[in-house]
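To start, the structure under review is shown below, and the notes come after it.
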Amino acid sequence: MKKVRKAVIPAAGLGTRVLPATKAMPKEMLPIVDKPAIQYIVEEAAASGIEDILIITNRGKGLLEDHFDRAPELEERLTGNPEKEAILGQVVGISRLANIYYVRQKETRGLGHAVNCARSFVQGEPFAVLYGDDVILGEDPACGQLIRAYEAFGLGVVGVKEVTPEAIVKYSSLKVEPLQDNYFRCTDMVEKPAPGQAFSLYSILGRCVLPPEIFDILDRTPPGAGGEIQLTDAMRALARRDGMTAVDFTGTRYDMGSKLGIMQASVEVALDHPEIGGAFRAYLRELAGKL
Ligand code: UTP
């Protein structure tokens, strides 16, 4: 079986739920305290053994490219200043996380359409997809957990979590049977199920590992929910044909495509932040007393 060495990060959505912040800037560049969402995602991929990453962009391509590039003028300013040594290391380190490539999705026709822009990058290998607005934080990188499931079962893998009955209609719903531990076999799925149409409360949240056959399926996938080419619709064909493995991954997932998710991520990361954690905790306690 081929190793999973490549990852695709779709970051070309319009981010209409967080306008006007995303008018000119991709939501994937929104920071959680001091680091843009997409950097957490690239770090997760790198920690999972991924060497080559393709970021699917549209607006803000320059911003993304600059973030993962060297910054000679900035580095020169930080060099030789003992107080800035740690941040200099971090700034330079960002450019060494992985080999990062970019392609533009020329029309915003949905996540499935965005992933289909990766065909020539993937070159017949299995690959991971990390949704650009889903940040997952935890000890064991979520992408790596899915790669291990791919290596164990040889089938496409989806990262899942149980969501509430109110939330499932906004996400996908999976038909699953327990396999072992946090692994399930998935044989069907539906995107944005109408009330009463959900298979289960298990939903795909932000990560999958796909075999290259997905591209031929995507080519044949018509627009689905919201008039967009849905990755879930293509994965449904794969799940029905071959079966897929669903992994109830460990880690906390933050939806950086929603205002509430952005605030939850910022507050929780700030509480543990080595520089501001103590002061922020004291501030929150004081604030909570006034609520
Ligand atoms: P979403 O559906 O959450 O993104 O896609 P969106 O369309 O930007 O959301 P709204 O407008 O706030 O509802 C999940 C991921 O897929 C990417 C997004 O950038 C996000 O990371 N995406 C979505 C694309 O790359 N291209 C698309 O055409 C749609």
Side-chain angles (χ1 to χ4, degrees), residues 1-2 4 6-10 12-13 45 54 56 105 109-119 121-122 124-134 136 142-143 145-163 167-177 179 182-194 197-249 253 257:
M1 193 195 312
K2 283 189 181 156
V4 182
K6 293 181 177 176
V8 174
I9 305 179
L54 178 70
I56 318 275
Q105 182 188 16
R109 293 179 58 202
L111 179 59
H113 182 259
V115 170
N116 210 6
C117 298
R119 187 193 274 263
F121 164 80
V122 163
E125 293 187 27
F127 64 104
V129 181
L130 298 91
Y131 302 9
D133 56 354
D134 275 321
I136 302 174
C143 177
Q145 297 178 48
L146 269 65
I147 292 174
R148 292 202 295 274
Y150 178 80
E151 286 165 356
F153 299 98
L155 296 171
V157 185
V158 281
V160 303
K161 289 252 182 224
E162 269 189 301
V163 304
I168 195 85
V169 292
K170 290 186 268 166
Y171 294 102
S172 56
S173 168
L174 271 61
K175 190 173 177 186
V176 286
E177 300 156 26
L179 269 176
N182 56 342
Y183 291 157
F184 298 80
R185 183 173 166 77
C186 169
T187 50
D188 207 349
M189 61 182 77
V190 55
E191 179 67 23
K192 299 195 175 49
Q197 304 261 289
F199 290 115
S200 74
L201 293 179
Y202 281 102
S203 188
I204 302 169
L205 292 184
R207 302 288 180 268
C208 45
V209 172
L210 296 170
E213 295 83 64
I214 198 74
F215 294 111
D216 287 343
I217 301 176
L218 277 167
D219 282 344
R220 297 191 301 266
T221 302
E228 298 197 326
I229 298 178
Q230 297 287 349
L231 183 61
T232 309
D233 290 344
M235 289 195 288
R236 178 180 57 204
L238 196 66
R240 284 181 173 174
R241 195 186 71 187
D242 304 337
M244 292 183 80
T245 309
V247 179
D248 188 351
F249 57 82
R253 174 246 179 198

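Below, all heavy atoms of this structure are taken into account, side chains as well, without hydrogens, waters or symmetry copies.
For residues 148-161, the salt bridge (Lys or Arg N to Asp or Glu O under 4.0 Å) pairs, not counting sequence neighbours, are Asp140-Arg148. For residues 216-249, the set of pairs meeting the ring pair (Phe, Tyr, Trp, His ring centres under 6.0 Å) definition, not counting sequence neighbours, is empty. Sequence neighbours left out, the pairs with a member in residues 220-234 that pass salt bridge (Lys or Arg N to Asp or Glu O under 4.0 Å) are Asp233-Arg236.
Distance CZ/Arg241 to CG/Leu155: 10.5 Å, rounded to 0.5 Å. Separation of atoms CD1 (Ile204) and CG (Asp134) is listed at 11.5 Å; rounding is to 0.5 Å. Going from atom CD1 of Ile136 over to atom CZ of Arg253 covers 7.5 Å, rounded to the nearest 0.5 Å. The CE atom of Met244 sits 6.5 Å away from atom SG of Cys208, with the distance rounded to the nearest 0.5 Å. Atoms CD1 and OG, from Ile168 and Ser203 in turn, are 4.5 Å apart once rounded to the nearest 0.5 Å. Atoms OG1 and CZ, from Thr245 and Phe184 in turn, are 11.5 Å apart once rounded to the nearest 0.5 Å.
Of the possible donor and acceptor atoms, none in the side chain of Asp248 sits under 3.5 Å from a partner among the backbone N and O of Asn182. No side-chain donor-acceptor contact under 3.5 Å links Thr187 to the backbone of Ala239. For Ser173 (side chain) and Val190 (main-chain N/O), no donor-acceptor pair under 3.5 Å exists by modelled atom type. Ser200 places a side-chain N or O within donor-acceptor distance of the main-chain N or O of Leu174, the cut-off being under 3.5 Å.
Annotation: side chain of Cys117 is in contact with side chain of Gln105 (closest heavy-atom distance under 4.5 Å). Side-chain atoms of Phe127 and Val115, non-hydrogen and from C-beta on, do get closer than 4.5 Å to each other. In this structure, Leu231 and Pro10 have side chains that are not in contact, with every pair of non-hydrogen atoms separated by 4.5 Å or more. In this structure, Lys170 and Val163 have side chains that are not in contact, with every pair of non-hydrogen atoms separated by 4.5 Å or more. Using a 4.5 Å cut-off on side-chain heavy atoms (C-beta onward), Asp242 and Pro211 make no contact. In this structure, Gln230 and Thr221 have side chains that are not in contact, with every pair of non-hydrogen atoms separated by 4.5 Å or more. At a threshold of 4.5 Å between non-hydrogen side-chain atoms, the residues Gln145 and Arg207 do not count as touching.
Less than 6.0 angstrom separates the ring centroid of Tyr183 from the ring centroid of Phe153.
By the 6.0 Å contact criterion, NZ on Lys6 is enclosed, its count of non-hydrogen atoms from other residues, nucleotides or ligands being greater than 12.
The side-chain contact (heavy atoms from CB on, under 4.5 Å) search around Glu162 returns Leu201, Tyr202, not counting sequence neighbours. Residues passing the salt bridge (charged side-chain N to carboxylate O under 4.0 Å, His left out) test with Lys192: none are found, sequence neighbours excluded. By the salt bridge (charged side-chain N to carboxylate O under 4.0 Å, His left out) test, Arg185 pairs with no residue at all, sequence neighbours left out.
Taking each heavy atom of Ala234 and Leu218 in turn, the nearest pair found is CB-CD2, 3.6 Å. Closest approach of Val8 and Ala118 over heavy atoms only: CG2-CB, 3.6 Å. When every heavy atom of Gly132 is checked against every heavy atom of Ile9, the shortest pair comes out as CA-CG2, 3.8 Å. Residues Glu191 and Thr232 come closest through the heavy atom pair OE1-OG1, 2.5 Å. Closest heavy-atom contact between Pro212 and Gly124: CG-O, 3.3 Å.
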